[in-house]
Amino acid sequence: MKMLPVTYPDNYLSGIASLNLPCEEGTGDWHMLGTFDERNTKPIQFLAGRDLIEVLGTEGIEDRSQDADRAGIPRSGIVWASNHARAIADMVVRSVISGRVASHVCLDDWMPEEDQKKRVLYLLDKAKLLPAQRARVRQWVQTQL
């Protein structure tokens, strides 16, 4: 397994990598080996930081070291990572800030239950976005319901 990079509360693992850290809630992705296996030559991607914290705050950024340990993923220290709802919100926000609709993000793929989806929508609803960015979030949400 690849070694998880050093992370901090303001420079944390998110996106697909975080979605592939197993959790007890049954949410997320299930391609852990494809993400963390040493044969995958791509670096572990989607470290998020202050840019997303300015928009979404710190809710959902957690110490997920135990999740990594249970999965047998080696780490260099504490694994600061988004929970699964925050990982999805981070991906959507990163897209809308870049001027795109997050059409590559399918909520049903990672959050199958309605209450789980509501956590993502709650984070996006409280995001500090410009009107055009908020419109792109609404456009994404309409495709997910």
Which donor-acceptor pairs under 3.5 Å do side chains of residues 93-101 form with protein atoms, sequence neighbours excluded?
unit_1, atom_1, unit_2, atom_2, d
Ser95, OG, Met91, O, 3.3
Ser98, OG, Arg94, O, 3.0

Enumerate donor-acceptor pairs with a distance under 3.5 Å from any side-chain N or O in residues 50-57 to protein atoms, sequence neighbours excluded.
unit_1, atom_1, unit_2, atom_2, d
Arg50, NE, Asp10, OD2, 3.2
Arg50, NH2, Asp10, OD2, 2.6

Apply side-chain contact (heavy atoms from CB on, under 4.5 Å) to Trp110 and Val120, showing your working. CA-CA 11 Å; Trp110 301 302; Val120 175; over 6 Å; no
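For the residue pair Arg75/Thr7, the side-chain donor-acceptor check at 3.5 Å is not satisfied. Judged by distance alone, the side chains of Arg86 and Tyr12 do bring a donor and an acceptor atom under 3.5 Å apart.
Remark: Ile88 CD1 to Asn83 CG distance equals 9.5 Å, nearest 0.5 Å. Atom CG of residue Leu124 and atom CZ of residue Arg138 lie 12.0 Å apart, to the nearest 0.5 angstrom. With values rounded to the nearest 0.5 angstrom, Met111 atom CE is found 12.5 Å from Cys106 atom SG.
Between the side chain of His84 and the backbone N or O of Leu21 there is at least one donor-acceptor pair closer than 3.5 Å. A donor-acceptor contact shorter than 3.5 Å is absent between the side chain of Asp125 and the backbone of Leu121. Although no hydrogens or angles enter the test, the distance criterion places no donor-acceptor pair under 3.5 Å between the side chain of Trp80 and the main chain of Asp63. Looking only at distances, no side-chain donor or acceptor of Ser76 sits under 3.5 Å from a matching main-chain atom of Val6. Judged purely by atom type and a 3.5 angstrom limit, Ser18 has no side-chain atom pairing as donor or acceptor with the backbone of Gly15. Between the side chain of Ser82 and the backbone N or O of Ile61, no donor-acceptor pair lies under 3.5 Å. Within the 3.5 Å criterion, the main-chain N or O of Leu107 finds a donor-acceptor partner in the side chain of Gln144.
Annotation: side-chain hydrogen bond (donor to acceptor under 3.5 Å, both in side chains) contacts of Gln133 (sequence neighbours excluded): none. Residues passing the side-chain hydrogen bond (donor to acceptor under 3.5 Å, both in side chains) test with Gln66, sequence neighbours excluded: none. Listed by chain and number, the residues in a side-chain hydrogen bond (donor to acceptor under 3.5 Å, both in side chains) with Arg70 are Asp67 (sequence neighbours excluded). Residues meeting the side-chain hydrogen bond (donor to acceptor under 3.5 Å, both in side chains) test with Asn11, sequence neighbours left out: none.
Nearest heavy atoms, Ala87 versus Leu19: CB-CG, 3.9 Å.
Counting non-hydrogen atoms of other residues, nucleotides and ligands closer than 6.0 Å to NZ of Lys126 gives a total above 12.
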